[in-house]
There are 2 protein chains.
Amino acid sequence: MTDKSAPPRVRAGRPTREQAEARHQELLDAALDLFLEHGFEVTTIEMIAARVSMTKRTIYARHPDKATLFRTAIQRAIERQIVPPHVLEALERGKLGATLEAIAWLRIEQIAAPHGLRLQHLINAESHRFPEIFTAYVEQSTRPLIDHVAAVLQRAVDAGEIAPTRVDHAASAFMSMVVGGPVRAIVGGLAPTRQELDEKVGFTVRLLLDGLRPR
Amino acid sequence: MTDKSAPPRVRAGRPTREQAEARHQELLDAALDLFLEHGFEVTTIEMIAARVSMTKRTIYARHPDKATLFRTAIQRAIERQIVPPHVLEALERGKLGATLEAIAWLRIEQIAAPHGLRLQHLINAESHRFPEIFTAYVEQSTRPLIDHVAAVLQRAVDAGEIAPTRVDHAASAFMSMVVGGPVRAIVGGLAPTRQELDEKVGFTVRLLLDGLRPR
DNA sequence: GTGAATAGCAACTCGCCCGTATCATTTGCA
DNA sequence: TGCAAATGATACGGGCGAGTTGCTATTCAC
């Protein structure tokens, strides 16, 4: 006895393939936003649906469950952060110090990006429930940069620019220093100025190069 | 019409003040454990109650709600991690390098402690809901150590042991390096050996001292 | 055009958990 | 000794969110 005396239907209908695909991208963007803001548990499917003016039904038509939607959205964010090799190579400057500074800035901008740091925290926080996401993040985002720094340093060692050393330790230490400051600042609610960051990056690079100066 | 034909009573009764206090400590320990393991949302009051063989009733007699219980338990964990000033002073060794190594080890052991890193992650993850906890952690745990390193370095500058420099930057960079490696390792599921850590700490201290060697 | 697949909506079920209330029981403490 | 505090057992209201289903409306394919 579905009377429907006052049919409140507003809009419906099957969208074009392009329309559907665009909506789907919107959905993933919204899901990412909300997950980053509120975490996995607190974010509800209906919050996401409301954000893009859909209903749960439509979301569940594409994604089997909340966990899968989460994985998909986060993996997408990780992929956006991947730096392709040719970009890394393009960071090569003439002088070692300038190259390191360029790499440092690349990472800082990733972290300072609208939700860059939240992504890290979310992935850490959910690393129990989604260990594969954590692994993916390290493998695809963190590690390549460290490895690249190590390679740059190794070349500098070979060229006699710096003293022989454990380039892996040095690279890891360098990235830790670069990231540590901004992370503390941003998480603490501060927005470090370009100048402050510049100062810190300069300090870090100088410290590393002085520490590794050939005897 | 509560019949209660089969009263399955087992045990009850009023405990001694000391007993009650002891149970209360047990409760907070259990709550902390579970919050660290599962996070705020997933952990339920009944999980905590079961862990210490209590009922919700008893918990709610002491804590107005779940959020307050969370704050109390976490604050307790933070306080346990606070290093009293006299302990910091006792880390002073004759040589600057040895002092820095001692400080580094102190922090590494905090992080490698059974739930040391989880505490950080939990606090970060819940920093939206409980910003005051996040602030407390930084103020009471992170910052004092960095400040102490800065003070140690300043004294070394005054003594001419190292070149004049921004000791705040240097201290921050040092602690970042010290913490960065172990964090990546532990979160990644690895358990770095004492020897590996020793090697890293040694490397870090040497890098800093060489980088700051007086001209 | 016509039929079938598809996207959409709304309402529903189911289960979970917080917080509270009730009653019985034990026991510290005055 | 007797009272009240403290706790256990249990039930339940209220709310909420995940996932499902029935139905409708539109578009794609032939």
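In what follows, every chain begins at residue 1, and chains take the letters A, B, ... in the order their sequences are listed.
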**Q** Run the side-chain hydrogen bond (donor to acceptor under 3.5 Å, both in side chains) test against B/H115 and tell me which residues pass, sequence neighbours left out.
**A** none
**Q** Round to a whole Å and report the spacing from CZ of B/R23 to C1' of D/dA6.
**A** 12 Å
**Q** Kindly write out the residues that satisfy salt bridge (Lys or Arg N to Asp or Glu O under 4.0 Å) with A/E132, not counting sequence neighbours, or none if the list is empty.
**A** A/R71
**Q** So, using side chain to side chain contact (heavy atoms under 4.5 Å, CB included) as the criterion, who are the partners of B/E139 when residues are at least two apart?
**A** B/T135, B/R143
**Q** Below 4.0 angstrom, which residues in residues 36-52 of chain B have at least one non-hydrogen atom near DNA chain C?
**A** B/T43, B/T44, B/I45
**Q** Under 4.0 Å from any atom of DNA chain D, heavy atoms only: list the residues of residues 24-33 of chain A that qualify, in numerical order.
**A** none
**Q** With sequence neighbours left out, what residues match B/E79 under salt bridge (Lys or Arg N to Asp or Glu O under 4.0 Å)?
**A** none
**Q** Going by the rule salt bridge (Lys or Arg N to Asp or Glu O under 4.0 Å), which residues pair with B/R62 if we only count those two or more places apart in sequence or in a different chain?
**A** none
**Q** Any Lys/Arg nitrogen of B/R206 or B/E101 sitting under 4.0 Å from an Asp/Glu carboxylate oxygen of the other?
**A** no
**Q** How would you list, by chain and number, every residue that makes a side chain to side chain contact (heavy atoms under 4.5 Å, CB included) with B/T58, sequence neighbours excluded?
**A** B/M54, B/T55
**Q** Mind checking salt bridge (Lys or Arg N to Asp or Glu O under 4.0 Å) for B/R57 and listing every partner two or more places apart, or none if nothing turns up?
**A** none
**Q** Mind checking what makes side-chain hydrogen bond (donor to acceptor under 3.5 Å, both in side chains) contact with B/E37, not counting sequence neighbours?
**A** none
**Q** State which residues pass side chain to side chain contact (heavy atoms under 4.5 Å, CB included) with B/Y60; sequence neighbours excluded, sorted by chain then number.
**A** B/I45, B/K56
**Q** Tell me which residues in residues 54-73 of chain A put a heavy atom below 4.0 Å from DNA chain D, sorted by number, or none.
**A** A/K56, A/R57, A/Y60, A/D65, A/K66
